[in-house]
Each structure stands twice: as structure tokens, then as C-alpha cells.
Amino acid sequence: MLRSRRLRELALVALGVITPLGILAVNGSAFVMLHLTQFRIGIAACAVISGLVLNGLTAWWLLRMASRNAPPLYREYRTWAIGAAVLIVGLTAGGAGYLTYLGLRDPSRLPDPLSVVVATFTLLLPLAVAVAGRRMAGLGGILPVDDSTTTGQSRMRKHRSNLSHD
């Protein structure tokens with residue numbers, strides 16, 4: 001099955017590395033569980049930061065898309081759109097941090113269903129908003145991509161075709 005020497009070596013190294021990494025993970029988890037009260041605030045703060053980053057990037061992308069697809073409307077309501085985005089991002093991130101903090105209050109109840117639901121929601125919300133935004137804008141794909149290179153290439157092709165017709 002493992003015919004290549006390089007593949008056999010990689011498989012042996014992987015098998016050799018898995019156990020020490022597992023031991024470190026178990027001991028790290030045990031340390032966190034033992035000191036969960038002290039780690040609660042740090043983990044909740046990380047949940048807030050994660051929510052700010054993920055939701056903030058999604059909001060930034062949506063605002064950029066709105067400015068490109070509906071410039072007059074965006075210019076008129078720019079302050080409101082940015083204010084709403086900041087409010088929504090702040091509330092969702094703060095809510096995720098607070099609910100994570102509440103979910104980690106009792107080590108004997110872990111894994112806590114509230115923390116699992118909040119973490120899942122924190123991961124899926126930006127993805128769902130990005131997919132919905134792309135669908136509403138008529139763009140394909142799932143993840144937002146910077147379209148400036150495509151736009152530049154399209155402009156270059158149009159410019160070349162105009163030159164060839166002259």
C-alpha cells in the first residue's frame with residue numbers, strides 16, 4: 001500500500017508525532033479544566049475578538065459590495081449603513097462573548113450545549129451572511145473574492161478591442 005519510500009517516511013513521522021501532540025493536548029485541556037474559573041474571562045474575550053473579526057470582515061465586504069453595486073444609494077445612507085454594521089457586529093460579538101462566559105461557569109457540565117451552539121453560530125453567521133449577500137448581488141460562489149483583478153482584466157480587454165476597431 002505504501003510503495004513510495006517518502007510516503008512511508010511521512011506516515012512514520014505522522015504516527016510518531018500524533019502521540020506526543022495528543023499528550024500535550026490532554027494535559028493542556030486538563031490544566032484549563034482545573035483552572036476554568038480563571039480561563040473563563042480569557043476564553044470569553046477570545047470569543048468577542050473572534051466575533052469582531054469574522055463579523056467585521058463580513059460587514060466590511062458587504063459595505064464594499066453595496067458601494068460598488070448601488071453607489072447613489074450607498075452615498076446617501078453611508079453613515080446609517082456603517083452605523084448599523086458597527087452596531088450589529090458589536091452586539092453579535094458581545095453576545096457571543098457573554099454567552100460563552102455563561103456556558104463555562106460549571107466544569108462538570110462541559111461540553112456545555114450553550115457554548116457549542118454559540119460557537120457554531122459564531123462560525124456560521126458570517127458565512128451565511130456572505131452567501132446571502134453574494135446571492136442577492138447575483139455573484140456566484142460561496143466566499144467573497146476581491147473582484148478588482150477581474151474588473152481590471154475586463155477593462156484591459158475592452159480597451160484592446162476598442163484599439164483594434166480604430
Side-chain angles (χ1 to χ4, degrees), residues 13-14 17-154:
V13 167
V17 168
I18 287 173
T19 301
L21 286 178
I23 292 168
L24 290 172
V26 167
N27 282 299
S29 299
F31 181 78
V32 169
M33 290 300 294
L34 187 63
H35 299 79
L36 186 62
T37 309
Q38 294 87 353
F39 275 96
R40 253 173 98 187
I41 294 173
I43 294 169
C46 288
V48 170
I49 292 168
S50 173
L52 288 173
V53 169
L54 291 175
N55 294 334
L57 286 172
T58 303
W60 174 70
W61 175 77
L62 285 173
L63 289 170
R64 256 186 21 170
M65 189 176 68
S67 72
R68 287 181 181 169
N69 293 340
L73 189 64
Y74 180 76
R75 275 193 304 274
E76 187 173 341
Y77 295 105
R78 181 176 184 268
T79 305
W80 285 100
I82 292 172
V86 167
L87 184 66
I88 291 168
V89 167
L91 286 174
T92 56
Y98 179 69
L99 293 173
T100 299
Y101 181 80
L102 287 180
L104 296 176
R105 69 182 167 268
D106 186 9
S108 65
R109 292 188 53 226
L110 292 177
D112 180 60
L114 178 63
S115 297
V116 172
V117 168
V118 168
T120 303
F121 182 76
T122 302
L123 283 172
L124 293 180
L125 178 66
L127 183 62
V129 170
V131 168
R134 290 185 69 76
R135 297 285 180 228
M136 287 171 43
L139 300 172
I142 294 176
L143 298 175
V145 180
D146 186 17
D147 295 330
S148 61
T149 56
T150 308
T151 308
Q153 290 171 353
S154 300

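The analysis underlying the following values was restricted to heavy atoms, covering all of them including side chains, and did not include hydrogens, waters or symmetry mates.
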Residue pairs passing the ring pair (Phe, Tyr, Trp, His ring centres under 6.0 Å) test where at least one lies in residues 65-112, sequence neighbours excluded =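 Every pair satisfying ring pair (Phe, Tyr, Trp, His ring centres under 6.0 Å) with a residue in residues 65-112: there are none.
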
Could I get the full list of side-chain contact (heavy atoms from CB on, under 4.5 Å) partners for [X], not counting sequence neighbours?
X: Thr120; value: Val116, Leu124
X: Val17; value: Val13, Leu21
X: Val53; value: Ile49, Leu57
X: Ala47; value: Thr100

Do any pairs count as a salt bridge (charged side-chain N to carboxylate O under 4.0 Å, His left out) and have a residue in residues 69-88, sequence neighbours left out, and if so which ones?
->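 Those involving residues 69-88 do not exist here.
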
Determine which pairs satisfy salt bridge (charged side-chain N to carboxylate O under 4.0 Å, His left out) with at least one residue from residues 94-120, sequence neighbours left out, and list them in order.
-> Arg109-Asp112

Residue pair [X] / [Y]: nearest heavy atoms and the distance that separates them:
X: Gly51; Y: Ala93; result: C-CB, 3.8 Å
X: Ala44; Y: Gly97; result: CB-O, 3.4 Å
X: Arg40; Y: Leu104; result: CD-O, 3.3 Å
X: Leu52; Y: Gly90; result: CD2-CA, 4.5 Å
X: Pro126; Y: Thr58; result: CB-OG1, 3.2 Å

Give every residue pair that meets the side-chain hydrogen bond (donor to acceptor under 3.5 Å, both in side chains) criterion with at least one member in residues 44-57, sequence neighbours excluded.
-> Asn55-Thr92

Value rounded to 0.5 Å, distance of [atom1] in [X] from [atom2] in [Y]:
X: Ile41; Y: Cys46; atom1: CD1; atom2: SG; value: 12.0 Å
X: Asn69; Y: Leu62; atom1: CG; atom2: CG; value: 10.5 Å
X: Leu54; Y: Leu127; atom1: CG; atom2: CG; value: 10.0 Å
X: Leu24; Y: Thr19; atom1: CG; atom2: OG1; value: 11.0 Å

Any residue meeting ring pair (Phe, Tyr, Trp, His ring centres under 6.0 Å) with Phe31, in chain and number order, not counting sequence neighbours =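 Partners of Phe31 under the ring pair (Phe, Tyr, Trp, His ring centres under 6.0 Å) test: His35, Phe39.
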
